[in-house]
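The structure appears below as structure tokens.
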There are 2 protein chains.
Amino acid sequence: MKKKNNRITINDVARKAGVSSAAAGRALGNYGYVSEEIKEKIMRAAADLGYVANQVARAMITGKSQTIGVVGADISNPFFAEALRGISDVARRHEFGVLITSSDEEVPREQDAVRILLEKQVDGLIVSPADINNCRHLQQAISQGIPVALLDRQLSTLAADAVLIDNVHASREATRYLLSCGHHRIAIITELSSDYDARLALEPEHFSRIDATRLNSSGSRLLGYLLAHHEMGIPVERALIRRTGKYCAQRAYEETLSVLDEVRPGAIFAVDNVMTQGAYRAVREREIAIPDGLSFFAFDELDWLTLTTPRISTVAQPIYKMGVHVAELLFRRISQPDLPVSWQTWQVEMKLRESVAKAGEVAAKQDI
Amino acid sequence: MKKKNNRITINDVARKAGVSSAAAGRALGNYGYVSEEIKEKIMRAAADLGYVANQVARAMITGKSQTIGVVGADISNPFFAEALRGISDVARRHEFGVLITSSDEEVPREQDAVRILLEKQVDGLIVSPADINNCRHLQQAISQGIPVALLDRQLSTLAADAVLIDNVHASREATRYLLSCGHHRIAIITELSSDYDARLALEPEHFSRIDATRLNSSGSRLLGYLLAHHEMGIPVERALIRRTGKYCAQRAYEETLSVLDEVRPGAIFAVDNVMTQGAYRAVREREIAIPDGLSFFAFDELDWLTLTTPRISTVAQPIYKMGVHVAELLFRRISQPDLPVSWQTWQVEMKLRESVAKAGEVAAKQDI
DNA sequence: TTGAAAGCGCTAACAT
DNA sequence: ATGTTAGCGCTTTCAA
């Protein structure tokens with residue numbers, strides 16, 4: 001019978017093996033010198049007693065918890081879940097634990113999450129910041145010596161590694177493709193919760209005054225959309241820009257119904273997986289044929305985009321790989337804190353499928 | 001300048017506030033007696049210094065880490081991601097951290113994960129056991145005083161709370177529905193990685209000798225399928241039972257192609273979300289019309305099941321809620337270890353949509 | 001109400 | 001190569 005807790009400690013093992021606790025520590029923790037003979041005795045004693053190492057005590061003294069923290073928008077979002085899988089695979093390889101939290105894209109929740117993770121003494125953080133104009137808490141983590149790696153968002157003001165895609169470019173390419181198919185009235189369904197992003201929706205004609213480094217993903221994607229129009233000399237109708245204000249399929253559904261009913265665009269561009277789900281549902285509800293009655297372009301690859309009829313064109317990000325690499329950047333920095341900051345920009349892939357038709361061809365079909 | 005680490009400790013705060021470290025601990029940790037006056041001084045000093053509490057040190061002494069561990073099959077699986085969201089919402093409410101791991105349905109990985117989580121001194125575990133016939137490691141956790149709550153699987157031999165659905169019943173209902181629609185040749189696409197489950201696929205006619213309490217979900221669902229046939233006096237062709245051996249959409253795709261080519265069933269029953277994805281892809285690849293050429297029934301509700309044409313019938317589990325409740329059961333047990341074991345069986349919902357047609361009606365249509 | 005002191009389980013100096 | 005000892009940062013007796 002032990003004092004309070006019946007848990008077996010290193011002292012119990014040492015006593016049973018007839019050695020000092022230091023020797024037991026060395027054998028069990030695999031550090032320092034221990035003779036094979038004694039080590040074996042200790043290991044046997046540990047196995048007999050059912051000893052389980054106490055990482056908390058180890059963390060206390062080494063100052064390393066062998067744990068990283070992840071702050072994502074929403075774990076149940078397939079995008080994040082896939083990235084998390086990559087992160088956790090790498091963490092397992094390094095024998096690190098992964099503590100997860102959700103911010104739901106809200107800055108106060110993100111701050112809370114970061115604080116709790118820091119109190120738990122994580123050795124590093126992977127964050128998809130809710131608002132890149134609002135991240136003193138991340139700065140603080142870094143100045144406390146806890147490295148931060150950013151997923152899917154970049155922060156020029158922060159000494160943090162990042163893994164991302166070029167959102168402006170990706171969105172511009174997709175929009176150019178739609179425009180070049182003859183669709184001059186493309187509705188864009190996007191989130192734009194941050195104030196700075198929202199400005200772009202409110203004054204699209206002033207996009208040149210916007211500081212692209214202050215835009216979140218949805219802002220960047222809207223900028224790409226605007227740039228593509230500008231470059232091709234096609235004016236943008238304000239009513240085509242639909243802002244949900246939050247990451248919510250239901251809101252995307254509502255905005256899409258409204259844009260279909262009020263503006264009746266020739267194409268819809270849904271700029272992330274959540275928007276895609278809501279927007280596509282709305283199109284189905286209105287029983288508009290794709291691509292003959294409406295072209296549809298998505299963002300992010302989802303399992304089901306090739307299971308619909310027709311299959312849906314999209315901009316695919318290598319999400320799992322991005323998760324793997326952001327974790328690798330973080331572990332690299334944990335072991336080498338003084339490396340220069342590294343931003344990895346990954347290529348997206350345009351998956352051109354049958355959900356987009358040339359505007360002319362629809363007319364041709366109808367003529368027959 | 002501090003000794004090694006530049007981190008601010010409770011002693012730094014105490015010194016700055018001119019009080020003892022004990023007083024600072026009481027104020028910062030919100031326990032014991034502190035006068036308002038002194039408390040305020042301490043809080044101000046802490047804020048000035050940017051003090052961050054060290055939960056590791058707290059855990060060390062209290063023996064509670066305020067963290068739970070979750071062992072799931074695969075975080076990137078939408079089913080698990082959704083449940084995890086429920087778990088993490090509850091954990092946040094309790095101000096607990098959530099450590100996640102993936103077992104990929106492999107027992108050794110699960111054992112590893114549990115060991116690591118125990119070493120990290122988690123206060124409880126939520127597990128979806130890979131193989132319910134193989135869980136001494138869970139028994140061990142419980143006997144160490146670390147409560148375990150089971151998600152989606154039940155273990156009669158273990159003193160662990162569980163949240164589940166009646167898989168046999170759910171599958172039997174779905175199968176009865178298909179049979180009653182006149183489909184007497186229903187292919188079932190299922191995982192069956194555990195040896196005990198696999199036996200059911202190898203000798204389906206001996207299902208009555210099977211101990212239902214030893215079956216995993218996929219085994220239980222196969223049993224439901226067999227029972228429905230038995231009850232309705234319809235023989236089961238062995239070639240209709242397709243076993244992928246692992247949770248893998250590609251394998252489901254292959255097995256479905258093969259069953260379509262070799263046996264050409266009248267209906268397909270895909271018994272989880274991963275199987276559904278692979279099976280549906282195969283049906284599309286063979287360009288078989290649903291429901292006229294083939295009826296299709298899925299298991300688990302997925303976003304896209306209502307976005308296909310026709311919409312896909314399925315057995316829906318209340319996944320998020322199940323995650324919430326398994327976490328609540330765990331927290332209840334953490335605070336009251338001596339409560340009797342509780343198993344919550346949740347109702348599934350049959351979502352009958354257009355992917356299933358009566359066998360007769362197809363003929364009728366063809367007659368016209 | 002406050003402070004002094006002991007100690008959680010382990011590692012890291014240091015001495016042997 | 002092994003043992004002794006002093007903490008890591010905090011909570012928790014216990015005395016004052």
Side-chain angles (χ1 to χ4, degrees), chain A residues 2-43 45-46 49-66 118-123 144-145, chain B residues 2-43 45-46 49-66 118-123 144-145:
Chain A
K2 295 279 94 61
K3 284 142 263 189
K4 334 176 75 163
N5 219 316
N6 52 355
R7 256 172 237 176
I8 310 298
T9 78
I10 212 170
N11 287 304
D12 301 320
V13 176
R15 200 175 314 125
K16 168 134 186 169
V19 295
S20 72
S21 66
R26 286 192 273 258
L28 265 9
N30 219 38
Y31 59 90
Y33 305 99
V34 223
S35 67
E36 270 311 312
E37 191 186 13
I38 289 203
K39 178 163 186 169
E40 207 165 302
K41 241 195 321 191
I42 294 169
M43 297 315 263
L49 291 170
Y51 170 75
V52 176
N54 186 334
Q55 293 288 355
V56 166
R58 186 171 296 170
M60 174 92 164
I61 177 160
T62 61
K64 265 84 197 60
S65 62
Q66 301 265 98
L118 289 179
E119 291 187 349
K120 290 205 182 291
Q121 308 297 111
V122 293
D123 297 331
Q144 272 174 49
Chain B
K2 298 277 93 63
K3 283 141 265 188
K4 334 176 73 165
N5 219 316
N6 51 356
R7 257 172 237 176
I8 310 298
T9 77
I10 212 170
N11 286 303
D12 302 321
V13 175
R15 201 173 314 127
K16 169 132 185 171
V19 296
S20 71
S21 64
R26 286 192 272 259
L28 266 8
N30 220 39
Y31 57 91
Y33 305 98
V34 223
S35 67
E36 270 310 313
E37 190 186 14
I38 289 203
K39 179 163 187 170
E40 207 165 302
K41 243 198 315 194
I42 292 168
M43 296 316 260
L49 292 169
Y51 170 76
V52 176
N54 186 335
Q55 293 289 355
V56 166
R58 186 170 297 170
M60 174 90 168
I61 178 160
T62 60
K64 265 83 196 60
S65 62
Q66 301 264 99
L118 290 179
E119 291 188 350
K120 291 206 183 291
Q121 310 295 113
V122 294
D123 298 331
Q144 272 175 48

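Letters go in sequence order (proteins before strands), and every chain restarts at 1.
The distance from atom CD1 of A:Ile8 to atom P of C:dC8 is 15 Å, rounded to the nearest whole Å. Between A:Gln121 atom CD and D:dG9 atom P there is a gap of 9 Å when expressed in whole angstrom units. Summarising the geometry, the separation between NZ on A:Lys39 and P on D:dT2 is reported as 12 Å, rounded to the nearest angstrom. Rounded to an integer number of Å, the gap from B:Glu119 CD to C:dT11 C1' is 16 Å. Atom CG in B:Asn54 sits about 14 Å away from atom C1' in D:dG7, given to the nearest Å. When rounded to the nearest whole Å, the span between CD1 of A:Ile10 and P of D:dG7 equals 19 Å. Rounded to whole Å, the distance from CD on A:Gln55 to C1' on C:dT11 is 12 Å. Spacing between atom NZ of B:Lys41 and atom C1' of C:dT1 amounts to 13 Å, rounded to whole angstrom units.
Both B:Ala57 and B:Ser21 lie near DNA chain C, and the one whose nearest nucleotide falls closer to the 5' end is B:Ser21. For the pair B:Ser20 and B:Met60, nearest-nucleotide mapping onto DNA chain C gives the more 5' position to B:Ser20.
In this structure a side-chain-to-backbone donor-acceptor pair under 3.5 Å is missing from A:Lys120 to A:Ser65.
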In residues 52-64 of chain B, what donor-acceptor pairs under 3.5 Å come from side-chain atoms, sequence neighbours left out?
unit_1	atom_1	unit_2	atom_2	d
B:Asn54	OD1	B:Val56	N	2.9
B:Asn54	OD1	B:Ala57	N	3.1
B:Gln55	NE2	A:Glu119	OE1	3.2
B:Thr62	OG1	B:Arg58	O	2.9
B:Thr62	OG1	B:Lys64	N	3.2
B:Thr62	OG1	B:Lys64	O	3.4

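With values rounded to the nearest 0.5 angstrom, B:Ser20 atom OG is found 7.5 Å from B:Ile42 atom CD1. Rounded to the nearest 0.5 Å, atoms CG (B:Asn11) and OG (B:Ser21) are 5.0 Å apart.
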Query raised in the report: Could you walk me through whether B:Lys39 and B:Asn30 pass the side-chain contact (heavy atoms from CB on, under 4.5 Å) check?
Result: CA-CA 10 Å; B:Lys39 179 163 187 170; B:Asn30 220 39; 3.0 Å; yes

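Distance from the side chain of B:Val19 is smallest for C:dG3 among the nucleotides C:dT2, C:dG3, D:dG3.
Closest approach of B:Tyr51 and B:Thr9 over heavy atoms only: CE1-C, 3.7 Å.
The phosphate of D:dT11 has OP1 or OP2 within less than 4.0 Å of a side-chain N or O from B:Arg58. Taking 4.0 angstrom as the limit, A:Thr9 places none of its side-chain polar atoms (N or O) nearer than this to OP1 or OP2 of C:dG9. Note on B:Tyr51: every side-chain N or O is 4.0 Å or more away from OP1 and OP2 of D:dG9.
With sequence neighbours left out, B:Lys41 forms a side chain to side chain contact (heavy atoms under 4.5 Å, CB included) with no residue at all.
Annotation: proximity of residues 24-36 of chain A to DNA chain C (heavy atom, distance under 4.0 Å) is found for A:Gly25, A:Arg26, A:Tyr31, numbered in ascending order.
When heavy atoms are screened at a 4.0 angstrom cut-off, B:Ala23 is found touching the sugar-phosphate backbone but no base atom.
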